[in-house]
Structures are given as structure tokens and as C-alpha cells.
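All remarks here apply to the structure that follows.
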Amino acid sequence: MSKQLLPLLERTRAADCHVPLVAEPLTADQAEGLAPAFKALGDPVRLRLLSLIASHEGGEACVCDLTDAFDLKAPTISHHLKVLKATGLVTADRRGTWVYYRAERAALDLLSGLLAAPAEAAA
């Protein structure tokens, strides 16, 4: 597994984005750093892939476990996984001929914390 900082966390300092959107507006730099992850999740195939990976037993899924869930060819699935990996939403680990994917919890925590809306803010 790579020891590099994840692209989402690299572009957007987590400490700078711990406050939900409803508490204070994002800066231009924060919005620019977060936008690629939200754009990646804006595609239904990528959103499903992330969900399949994150909810898979053991917290990781082999690419062989993911392809059967879609009526798409393997290169298309690989492209979507590459986008998720490039944005830092998943990490990958090659084991022999298969690649195993894991949802990057820190990135998901960052995005979910940003979108959290306290009950008093919803009123």
C-alpha cells in the first residue's frame, strides 16, 4: 500500500475543513480541494463502487468481486476505480493478479463531517 498522502487529504487540509458547511462558508481553496472528490461521487457507477467497497466484508473488495455487480466491461470499471483512487476516496493493494480496494476512512470522514448538519441548523 502506498505511503503517500491521499490526494483529497493532500489538497484539503483536514484541520481546515472540520466545520460543517452550515456553520461557516468554505474558502475558495477549500472548495477547489474538495470539488474533485464530490465530482467523483457524482457519477452513479463510482458512488456504487465506493459503497460496494466500503460495505464489503472486511472493509476491502477484490476487483473480481466488483465487476459482476455492473453491466459494464472490465476496462470501464477499472477507469471508475482509477478515478476513485486518484481522488483519494479508495486505496488499492495488488496481490498477485488481483487488486484489492479499500475505502479511505479519513477521506470519507472529512466529507461526511463537512456535510453534517446539526439539528438546530436544519430548522
TODO: Keeping to residues at least two apart or across chains, list the salt bridge (charged side-chain N to carboxylate O under 4.0 Å, His left out) pairs with something in residues 65-82.
DONE: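 Listed once each, the pairs would be none.
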
Open item on the list: Suppose the criterion is side chain to side chain donor-acceptor pair (under 3.5 Å): which pairs have a residue in residues 38-47, not counting sequence neighbours?
Closed with: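 Qualifying pairs: Arg46-His80.
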
Open item on the list: Under the side chain to side chain donor-acceptor pair (under 3.5 Å) definition, can you give me all pairs with a residue in residues 50-63, not counting sequence neighbours?
Closed with: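 Qualifying pairs, neighbours excluded: Glu60-Arg95, Glu60-Arg102.
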
Smallest separation among heavy atoms of [X] and [Y], with atom names:
X	Y	result
Ala116	Val22	O-CG2, 4.0 Å
Leu66	Phe70	O-CD1, 3.3 Å
Ala103	Ala54	CB-CB, 3.8 Å

Open item on the list: Membership question, hydrophobic clusters at under 4.5 Å side-chain separation (ILVMFWY): are Val63 and Leu72 in the same one?
Closed with: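 Yes, it is one cluster - the side chains of Leu72 and Val63 are joined through contacts under 4.5 Å.
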
Open item on the list: Count I, L, V, M, F, W, Y as connected when their side-chain heavy atoms are under 4.5 Å apart, and connections chain through other members. Are Tyr100 and Val90 then in the same cluster?
Closed with: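 As far as the 4.5 Å side-chain criterion goes, Val90 and Tyr100 are connected within one cluster.
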
By side chain to side chain contact (heavy atoms under 4.5 Å, CB included), which residues pair with [X], not counting sequence neighbours?
X	answer
Ala74	none
Ala35	none
Thr27	Asp29, Gln30

Task: Phe38 vs Thr87, side chain to side chain contact (heavy atoms under 4.5 Å, CB included): CA-CA, chis, key distance, verdict - done: CA-CA 9 Å; Phe38 284 111; Thr87 57; over 6 Å; no

Task: From CA spacing to verdict: side chain to side chain contact (heavy atoms under 4.5 Å, CB included), Leu84, Leu49 - done: CA-CA 9 Å; Leu84 290 172; Leu49 279 168; 3.9 Å; yes

Open item on the list: Do Leu89 and Val83 have side chains that approach each other closer than 4.5 Å (heavy atoms only, starting at C-beta)?
Closed with: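 Result no, sub-4.5 Å side-chain heavy-atom pair not found.
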
Open item on the list: With heavy-atom distances below 4.5 Å as the criterion, would you say the side chains of Leu114 and Leu34 are in contact?
Closed with: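 Yes, at least one pair of side-chain atoms sits under 4.5 Å.
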
Which distance, rounded to the nearest 0.5 Å, do you find between the [atom1] of [X] and the [atom2] of [Y]?
X	Y	atom1	atom2	answer
Ile77	Cys64	CD1	SG	13.0 Å
Thr91	Tyr101	OG1	OH	10.0 Å
Arg48	Ile53	CZ	CD1	12.0 Å
Glu104	Asp109	CD	CG	9.0 Å

